[in-house]
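A short worksheet on the structure shown next.
Everything numeric in this text was worked out from a predicted model, so none of it was measured. In what follows, chains carry the letters A, B, and so on, assigned in the order in which the sequence lines appear, proteins first and then strands, with residues in each chain numbered from 1.
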There are 2 protein chains.
Amino acid sequence: MLSKKTKYGLKALTYIARKGNNEPVQIGEIAKNEHISQKFLESILLTLRKSGFLGSKKGKHGGYYLIKKPSDILMTDVMRVLEGPIALVSCVSLNFYEKCDDCPDEASCSVNKLMIQVRDSTLNVFKNNTLEDISR
Amino acid sequence: MLSKKTKYGLKALTYIARKGNNEPVQIGEIAKNEHISQKFLESILLTLRKSGFLGSKKGKHGGYYLIKKPSDILMTDVMRVLEGPIALVSCVSLNFYEKCDDCPDEASCSVNKLMIQVRDSTLNVFKNNTLEDISR
DNA sequence: GTAATCCCTATTAAGTCGATAGGAATAATA
DNA sequence: TATTATTCCTATCGACTTAATAGGGATTAC
């Protein structure tokens, strides 16, 4: 299951992208319109800023804005920041690889074999979707 | 992330399938060879039996055996029993659909749009893999 | 200088997961 | 019949994670 963090993060990015202009958008506005806890959203946007997706302006009339064009923001990158590994088991993760303690031989592991396929097909979807695509 | 329940369940099914014959295989043997907590595996095999994947024989020389041919056991079915919904959000689940409380309109929801694609591509992998395929 | 906003850290309540415990029921076999 | 090996069932526990909350600091517009 997708975490609420990821879900809210995607919704917030979409919200900002749909505004079109480069004016900073306030947390409160997004929270209200997307029905998200404001404090929770605050921490999510902070994460997105620190990972280079959003810029921020402090103080009155401050807010968050996109740093790149929506068409340049790939879902692979967003998902990895918000949700973590895309693979369902760490032994098939490209960016977060870890050997399983129980499994002595990945080549003969049926779970490994299946999950590689899932990873690749999911990755394919994320590679082919930018923020612009899902905001349409 | 895949739960250990699912991972162990798949490994156990594979283990039984690879034996080839229809002799009951004991929990202890599987647990030992696959490095799984025996008691935990016990509950998983119970689930698989109750959902019609495995038959069991009680008492001495008892154990679990496959009810269907490995080539007739689809990963879609196994995954739904062990892991639950295949979709990452319930609002795109085919078998466990539930409306999101926050989202007023699925048609305009970017998360919905993206997750439908993920669901379909994952589903496609599971549809095209039987227990025989992953046991090879 | 005041109000609005982002920034940061800490804490908490609830839920889930993996594992464990203990014994009941059943079947093979000596 | 007694013994042993196995599945069956329910209950419980500790560790971890998640979503949310709290409180105040820093910064900026006006």
Side-chain N,O (A:Ser43) to OP1/OP2 (C:dC8) below 4.0 Å: no
Qualifying side-chain hydrogen bond (donor to acceptor under 3.5 Å, both in side chains) pairs, either residue in residues 55-81 of chain B, two or more places apart: none
Sequence-distant partners of A:Lys5, salt bridge (charged side-chain N to carboxylate O under 4.0 Å, His left out), two or more places apart: none
Residues within residues 81-98 of chain B bordering DNA chain D, heavy-atom distance below 4.0 Å: none
A:Glu23 CD - D:dA29 P separation (whole Å): 12 Å
Any A:Tyr64 side-chain N or O less than 4.0 Å from OP1/OP2 of C:dC7: yes
Listed partners of A:Asp133 passing side-chain contact (heavy atoms from CB on, under 4.5 Å), at least two apart: A:Asn129, A:Thr130, A:Arg136
Distances under 3.5 Å between protein N/O atoms and the N/O atoms of nucleotides 25-30 of chain C, please, pair by pair.
residue : atom : partner : partner atom : Å
C:dT29  : OP1  : B:His61 : ND1          : 3.4

CD1-CG distance between B:Ile73 and B:Leu13, expressed to the nearest 0.5 angstrom: 6.5 Å
Selection from D:dT6, C:dA19, C:dC8 that lies nearest to any side-chain heavy atom of B:Ser37: C:dA19
Whole-Å gap separating C1' (D:dC8) and CZ (B:Arg49): 7 Å
Pairwise side-chain contact, A:Val92 with A:Val111, heavy-atom cut-off 4.5 Å (strictly under): no
Below 3.5 Å between N/O atoms, which protein atoms pair up with nucleotides 22-24 of chain D? Just atom names and distances, please.
residue : atom : partner : partner atom : Å
D:dG23  : O6   : A:Lys39 : NZ           : 2.2

Value in whole Å for how far the P atom of C:dT5 lies from CD of A:Gln38: 9 Å
Listed once per pair and sorted, the salt bridge (Lys or Arg N to Asp or Glu O under 4.0 Å) pairs that draw on residues 107-124 of chain B, sequence neighbours left out: none
Interatomic distance, A:Leu45 CG vs C:dC8 P [rounded to whole Å]: 13 Å
Rounded distance (Å) that lies between atom C1' of C:dT5 and atom CD of A:Gln26: 7 Å
Spacing of CG belonging to B:Leu114 relative to CG belonging to A:Asn128, to within rounding of 0.5 Å: 11.0 Å
By side-chain hydrogen bond (donor to acceptor under 3.5 Å, both in side chains) - contacts of B:Asp102 (at least two apart): A:Lys7, A:Lys11
What pairs of nitrogen or oxygen atoms, one from the protein and one from nucleotides 17-19 of chain D, lie under 3.5 Å apart?
residue : atom : partner : partner atom : Å
D:dA19  : OP1  : A:Lys4  : N            : 2.8

Touch class at under 4.0 angstrom, heavy-atom based, for B:Gly63 against every strand present: sugar-phosphate
Sugar-phosphate only, base, or nothing, as touched by B:Ile27 at under 4.0 Å among non-hydrogen atoms: sugar-phosphate
Sequence neighbours excluded - ring pair (Phe, Tyr, Trp, His ring centres under 6.0 Å) pairs with any residue from residues 28-56 of chain A: A:Tyr8-A:Phe40
Test side-chain hydrogen bond (donor to acceptor under 3.5 Å, both in side chains) applied to A:Ser3 - qualifying residues, sequence neighbours left out: A:Thr6, A:Glu83
A:Lys50 or A:Gly62, whichever maps to the more 5' nucleotide of DNA chain C: A:Gly62
Residue list, side-chain hydrogen bond (donor to acceptor under 3.5 Å, both in side chains) with B:Lys19, at least two apart or on another chain: B:Glu29
